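Here the structure is a predicted model, which is why all the values come from computation and not from measurement. When a ligand or atom number is given, it counts from 1 through the structure's own listing order.
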Amino acid sequence: MSSNVKADYSTVSAIAEFIRTHTSIKPEVGIICGSGLGKLADSVKNPVVIKYEEIPNFPRVTVDGHQGNLVFGTIGTKNVVVMQGRFHMYEGYSRHEVALPIRLMKLLGVTTLLVSNAAGGLNANYKLGDLVIIKDHISFPGLSLNNVLVGANDADFGVRFIATSDAYSTDLRQLALSIAKEQNVADIVRQGVYVHVGGPNYESPAECKMLRMLGADVVGMSTVPEVLIARHCGLKVFAVSLVTNISILDEESKEKANHEEVLSTAAIRTITLQKIFEEMIKRI
Ligand code: 6GU
């Protein structure tokens with residue numbers, strides 16, 4: 001955590017070289033698993049597991065429910081790499097550490113990134129366990145210079161000023177919706193706006209009401225930094241939130257958000273999400 005490692009081209013290239021000495025698998029699709037969703041890696045056939053701690057200059061994990069592995073293998077006919085365990089800024093990771101795994105995927109050959117996360121449901125129509133395909137985001141850290149792209153632009157990866165209007169691929173969102181219909185889970189799948197907050201505390205009721213007024217449907221502490229890095233280096237992105245808890249908008253409520261509920265709800269939907277991801281990967 002908070003190492004001096006930079007996610008510049010030469011550092012990331014050296015890590016990519018290290019990976020290539022451990023596996024000849026050239027991944028096309030990268031997958032990032034959110035809290036409690038690490039089982040998505042179980043879909044990978046003939047897995048080659050490389051622990052984060054074995055990889056030089058790679059960050060280490062600190063949160064319960066997150067393992068720390070890169071899992072290489074195949075899903076359907078595609079070569080994939082799954083990031084089992086991710087890095088949040090609230091843990092104290094630098095923007096370089098958050099960027100590094102995504103840029104590594106890029107240099108290993110990934111062209112499409114699939115991201116899942118656990119999130120609080122702000123939209124009153126959402127239920128526990130709903131899957132919310134992210135169509136757009138609001139990022140409080142991103143808007144206020146706690147943006148993962150702050151710093152000298154690394155032109156080897158992308159341009160200084162990137163558009164975010166097309167961050168979440170329309171094609172991939174449509175594909176996910178069709179698959180959800182085919183798999184008879186369309187009733188729990190929605191599309192919405194993800195609001196990215198810094199964390200690590202869950203939002204207060206007043207904050208939740210504000211976020212709702214701003215047009216957000218789900219709230220979480222991840223994903224946007226990875227998506228920005230991915231879009232900067234030209235990856236196609238699909239992201240989905242699992243509603244692991246319903247945000248409390250009433251100060252008198254006896255309910256309260258907790259990490260255990262987040263993990264137990266995530267476990268219920270792991271298989272559903274796994275099946276959607278598997279089918280998407282086949283058709284990408
Ligand atoms: Cl309610 N808020 C945030 N910020 N992150 C979450 C969450 C809520 N539930 C899961 N992750």
Excluding sequence neighbours, so at least two apart, what forms salt bridge (Lys or Arg N to Asp or Glu O under 4.0 Å) with Lys236? Asp171

By number and element, which atoms of ligand 1 are closer than 4.0 Å to a non-hydrogen atom of Ala119? 7 (C), 9 (N), 10 (C), 11 (N)

Which residues satisfy the salt bridge (Lys or Arg N to Asp or Glu O under 4.0 Å) test with Lys181, sequence neighbours excluded? none

Identify the protein heavy atom lying closest to atom 8 (C) of ligand 1, giving its residue, its atom name and the separation to 0.1 Å. Tyr202 CD2, 3.4 Å

Which protein non-hydrogen atom lies closest to atom 5 (N) of ligand 1, naming both residue and atom, and how far is it? Gly220 CA, 3.4 Å

Answer yes or no: does an N/O atom from Gly120 fall short of 3.5 Å to an N/O atom of ligand 1? yes

Linked, directly or transitively: Ile268 and Tyr126 (ILVMFWY side chains, under 4.5 Å): no

Phe87 and Tyr52 aromatic centres sub-6.0 Å: yes

Is the closest basic N to carboxylate O distance between Glu278 and Lys275 below 4.0 Å? no

Could you tell me whether some N/O pair between Asn201 and ligand 1 is separated by less than 3.5 angstrom? no

Passing candidate, side-chain contact (heavy atoms from CB on, under 4.5 Å) with Ile281, options Val80, Ile276, Thr77: Val80

Judging by distance only, is a nitrogen or oxygen of Glu203 under 3.5 angstrom from one on ligand 1? yes

Counting each atom of ligand 1 from 1 as listed, which ones have a heavy atom of Thr244 under 4.0 Å away? 9 (N), 10 (C)

Nearest to atom 9 (N) of ligand 1, what protein heavy atom do you find, and at what distance? Asn245 OD1, 2.7 Å

Between His232 and Asn153, does the side-chain hydrogen bond (donor to acceptor under 3.5 Å, both in side chains) criterion hold? Intermediate values first, please. CA-CA 10 Å; His232 180 252; Asn153 181 53; 2.8 Å; yes

Could an N or O of ligand 1 be found under 3.5 Å from any N or O of Ala118, whether backbone or side chain? yes

Residue Val197 vicinity, atoms of ligand 1 by number, heavy atom under 4.0 Å: 4 (N)

